[in-house]
Amino acid sequence: MTAAFDRNLKIAPSILSADFANFGAEIEAVEAQGADWIHVDVMDGHFVPNLTFGPPLCKAIRKHIHTVMDVHLMITPVDPYIDAFVDAGADILTAHLEAGPHIHRTLQAIRGAGVKAGLALNPGTPVEAVTHLLDMIDLVCVMTVNPGFGGQKFIHSQIAKVETLRAMIGDRPIHIEIDGGITPETAPLMRAAGADVLVAGSAVFKGGSVANPAPYGENIRAIRTSCDTLV
Ligand code: DX5
Ligand code: ZN
């Protein structure tokens, strides 16, 4: 093993709340304002009731991402598209446990394709479902809203899920990512429960733009600072 696993707080703005006509500039603006990772929400209008974009868009924005390209697949099936998203430049590919009957095979295929494997859990999915998958994943994404849309309300019942997950993970090099409804009010709850990656869409992009990116930085700092007193 090399360096210690990074459990420092990372803020991952979701481009779902960015200007869809200007992704490249939005990504560069939010990175310049302190984003640690870039979260990319892929939706198929089938697994979730909304449609966003696929591998060609991911490939096009890749050259604007200088941090980590964190691709959240809200699609089913997953397996036929893994190679396309790897080719598009994903650093982490996260599939939903609920996306099909063979999540074990999907995770094997993601790692086999040479990228980090993430596993996302819907709010109704018990955390024990990850027990036999812990040695094949690099990240667990705990959904704190039902996937499909930005700007929804945080589901508080997921706090206990994250605490249990943190204990299950122990010393394993697995990130705990939280996705949905993260604000300076909810972020510290999840940080305290054991999360290290906080996805935030509306709370990061609100009030700013490519022409006026300073609010992005203020919003990121507000989330970060809200967690400071805990560490
Ligand atoms: C929801 C997406 C989230 C979403 C978060 O299905 O996976 O990444 O963009 O948006 P906010 O932070 O606005 O809840
Ligand atoms: Zn997401």
Side-chain angles (χ1 to χ4, degrees), residues 9-20 23 26-27 30 33-54 57-58 61 65 67-76 78 85 90-99 110 116-125 138-159 162 175-191 195-208 215-216 218-224 226-227:
L9 179 64
K10 292 166 281 293
I11 311 289
S14 162
I15 60 167
L16 191 61
S17 294
D19 175 2
F20 270 45
F23 274 143
E26 286 277 46
I27 288 164
V30 85
Q33 292 293 327
D36 297 296
W37 292 8
I38 298 296
H39 186 81
V40 179
D41 286 308
V42 177
M43 304 187 187
D44 67 352
H46 171 63
F47 179 69
V48 290
N50 194 8
L51 272 171
T52 55
F53 41 72
L57 188 286
C58 291
I61 64 174
I65 299 176
T67 56
V68 171
M69 187 179 191
D70 172 35
V71 178
H72 178 192
L73 298 177
M74 286 161 276
I75 67 173
T76 183
V78 173
F85 283 104
D91 294 301
I92 303 168
L93 256 192
T94 296
H96 267 263
L97 185 136
E98 308 84 3
I110 292 173
K116 289 192 166 28
L119 175 65
L121 305 179
N122 280 338
T125 300
D138 303 289
L139 176 147
V140 179
C141 174
V142 176
M143 295 302 303
T144 39
V145 297
N146 285 295
F149 303 95
Q152 301 184 83
K153 206 168 163 329
F154 180 86
I155 301 173
H156 282 76
S157 62
Q158 303 305 297
I159 298 171
V162 173
H175 296 291
I176 299 180
E177 175 177 77
I178 310 301
D179 191 0
I182 288 295
T183 64
E185 288 69 47
T186 58
L189 304 174
M190 289 324 225
R191 182 62 172 152
D196 63 297
V197 185
L198 301 179
V199 174
S202 41
V204 166
F205 284 95
K206 70 167 187 214
Y216 297 168
E218 288 157 21
N219 295 336
I220 290 170
R221 278 191 297 281
I223 295 171
R224 227 188 270 287
S226 73
C227 299

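All ligand and atom numbering here is 1-based and tracks the order in the structure.
- Proximity of a side-chain donor or acceptor of Asn219 to a complementary backbone N or O of Lys206 within less than 3.5 Å is detected.
- Lys116 meets the salt bridge (charged side-chain N to carboxylate O under 4.0 Å, His left out) test with no other residue; sequence neighbours excluded.
- Near the Zn ion (ligand 2), less than 2.8 Å away, sit the protein N, O or S atoms His39 NE2, Asp41 OD1, His72 ND1, Asp179 OD2.
- The 4.0 Å heavy-atom shell around ligand 1 contains residues Ser14, Leu16, His39, Asp41, Met43, His72, Met74, Met143, Pro147, Gly148, Phe149, Gly150, Gly151, Asp179, Gly180, Gly181, Val199, Ala200, Gly201, Ser202, ordered by chain and number.
- In this structure, Phe20 and Phe53 have tilted ring planes: the angle between them lies in the 30° to 60° band.
- In this structure the side chain of Asp41 reaches within 4.5 angstrom of the side chain of Met43, judged on heavy atoms.
- Contacts classified as salt bridge (charged side-chain N to carboxylate O under 4.0 Å, His left out) and involving residues 143-158 (residues at least two apart or in different chains) are not found.
- Residues Thr94 and Val71 have side chains not in contact (no heavy-atom distance under 4.5 Å, counting atoms from C-beta outward).
- Using cut-offs of 30° and 60° on the angle between ring planes, the pair Phe154 and His156 is perpendicular.
- Relative ring orientation between Trp37 and His175 is described as perpendicular, the plane-to-plane angle rising above 60° on a 0-90° scale split at 30° and 60°.
- Using a 4.5 Å cut-off on side-chain heavy atoms (C-beta onward), Pro147 and His96 make contact.
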